[in-house]
Amino acid sequence: MNRLFFQPHQAGLSKVEAAEHTLRNINPDVQFEVHNYNITTLDNFQHFMDRISKGGLKEGSPVDLVLSCVDNFEARMAINTACNELGQVWMESGVSENAVSGHIQLIKPGETACFACAPPLVVAANIDEKTLKREGVCAASLPTTMGVVAGILVQNVLKYLLNFGTVSFYLGYNAMQDFFPTMAMKPNPQCDDKYCRKQQEEFKLKEAAKPKQETVVVEEEEVVHEDNDWGIELVSEVSEEELKAASGPVPDLPEGIKVAYTIPITKPTSGFTVEDSEQSLDELMAQMKNL
């Protein structure tokens, strides 16, 4: 965030305070609630969950959506745990350490994979990410990559909240190749997060309680050419023998696969073949005149 909006006169302010000042100047009508703390500690985590469940615009109501813009896995896992326990929809986002790729992910507890269902290697292997940081080495940073990922995240938020377009469950960004992979991930039944497994069971019960939609098979009516007073008939100009002659043998294919057309077997033509001649066109014309 300090690459995108921190200004010189905001030196000494925390990121959340600087963000609130900058955004309030852009739109004074927006209501802001600032908390500058570490959500991975027990006390702060409980307060964080309380604000998610009761911090909506209507006092006492839950928020509509949580956006994760943190820069470490520990904080992401804390957000994931809180949203799984509360059944809160949230969007996760991030930029890689080499600063040339990023992603956004919509997470619906019980319906889609949570952050713990398919965790990064550093989380799955229980590695302390602090040990991966080298002394004096800072992760690469490109404000352009962060701006692109932030724009994609906000675009997805607008589509989700205002209910238009296609909301992406996962959308990646590879700046080196301008590649945008997209996918949807189902939840892991053996997820380590117990609240995720609980949400999965509740989602299955909700789906089972929904009335099943009956599939209606529409049969096409056979086209019948009725008799008419003028004696007009619709006949094919190609006979059955000609159709068979124009098609070749059908290869042996697996079930469900068929060829669009077959190549007919060409029979050798009768007659004889004239050998190639090295004579020029003028010489051949002269021979014809002498005939």
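Sequential numbering from 1 along the given sequence is applied to the chain's residues.
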Specify the closest pair of heavy atoms between [X] and [Y], including all atoms of both residues, with the distance to one decimal.
| X | Y | answer |
| --- | --- | --- |
| Thr145 | Ala99 | OG1-O, 2.7 Å |
| Glu20 | Val34 | CG-CG2, 3.5 Å |
| Ala18 | Phe6 | CB-CE2, 3.2 Å |
| Val149 | Gly102 | CG2-CA, 4.0 Å |
| Cys196 | Cys114 | SG-SG, 3.7 Å |

Check for a donor-acceptor pair, side chain of [X] on one end and backbone N or O of [Y] on the other, with a separation under 3.5 Å.
| X | Y | answer |
| --- | --- | --- |
| Asn290 | Ala286 | yes |
| Arg76 | Ser93 | yes |
| Glu85 | Tyr195 | no |
| Gln88 | Ser53 | no |
| Asp193 | Ala116 | no |
| Asn25 | His21 | yes |

With a 4.5 Å heavy-atom cut-off, do Leu65 and Met91 have their side chains touching?
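Yes, at least one pair of side-chain atoms sits under 4.5 Å.
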Does the side chain of Ile52 reach to within under 4.5 Å of the side chain of Trp90, using non-hydrogen atoms?
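No, every pair of side-chain atoms sits at 4.5 Å or beyond.
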Looking at Lys210 and Glu207, is any side-chain nitrogen of the basic one under 4.0 Å from a carboxylate oxygen of the acidic one?
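Answer for the salt bridge query: yes.
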Counting only pairs under 3.5 Å, give me each side-chain donor-acceptor contact of residues 152-161, with atom names and distances, residues two or more places apart or in other chains.
{"residue": "Asn156", "atom": "OD1", "partner": "Ser168", "partner atom": "N", "Å": "2.9"}
{"residue": "Asn156", "atom": "ND2", "partner": "Ser168", "partner atom": "O", "Å": "2.9"}
{"residue": "Lys159", "atom": "NZ", "partner": "Thr166", "partner atom": "O", "Å": "2.6"}

When rounded to the nearest 0.5 angstrom, what distance separates [atom1] in [X] from [atom2] in [Y]?
| X | Y | atom1 | atom2 | result |
| --- | --- | --- | --- | --- |
| Leu23 | Asn27 | CG | CG | 9.0 Å |
| Ile107 | Cys117 | CD1 | SG | 8.5 Å |
| Arg51 | Asn44 | CZ | CG | 14.0 Å |
| Leu86 | Met49 | CG | CE | 4.0 Å |
| Gln200 | Asn84 | CD | CG | 9.0 Å |
| Gln199 | Glu201 | CD | CD | 11.0 Å |

Please check if the number of heavy atoms outside [X] that lie under 6.0 Å from its [atom1] is greater than 12.
| X | atom1 | answer |
| --- | --- | --- |
| Met285 | CE | no |
| Asn38 | CG | yes |
| Asn163 | CG | no |
| Leu57 | CG | no |
| Asp64 | CG | no |

Decide yes or no on side chain to side chain contact (heavy atoms under 4.5 Å, CB included) for Ile79 and Phe48, but give the supporting numbers first.
CA-CA 9 Å; Ile79 298 172; Phe48 175 62; 4.0 Å; yes
Relative to each other, are the rings of His103 and Tyr170 parallel, tilted or perpendicular (30° and 60° limits)?
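His103 vs Tyr170 ring planes: parallel.
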Hey, can you tell me if Phe73 and Phe115 have their rings parallel, tilted or perpendicular (30° and 60° cut-offs)?
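Because their plane-to-plane angle is under 30°, the rings of Phe73 and Phe115 count as parallel.
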Give a yes-or-no answer on whether the side chains of Asn98 and Ser96 include a donor-acceptor pair shorter than 3.5 Å.
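Note: Asn98 and Ser96 side chains meet the donor-acceptor criterion.
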Take Phe180 and Asn174, measure what side chain to side chain contact (heavy atoms under 4.5 Å, CB included) needs, and give me the verdict at the end.
CA-CA 6 Å; Phe180 293 85; Asn174 184 323; over 6 Å; no
Is it the case that one hydrophobic cluster holds both Phe203 and Val167, taking links as side-chain heavy atoms less than 4.5 Å apart, direct or via other members?
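Hydrophobic grouping puts Phe203 apart from Val167.
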If Ile, Leu, Val, Met, Phe, Trp and Tyr residues are connected whenever their side-chain heavy atoms lie under 4.5 Å apart, and connections chain through other members, are Met183 and Leu171 in the same group?
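No, no single cluster joins them.
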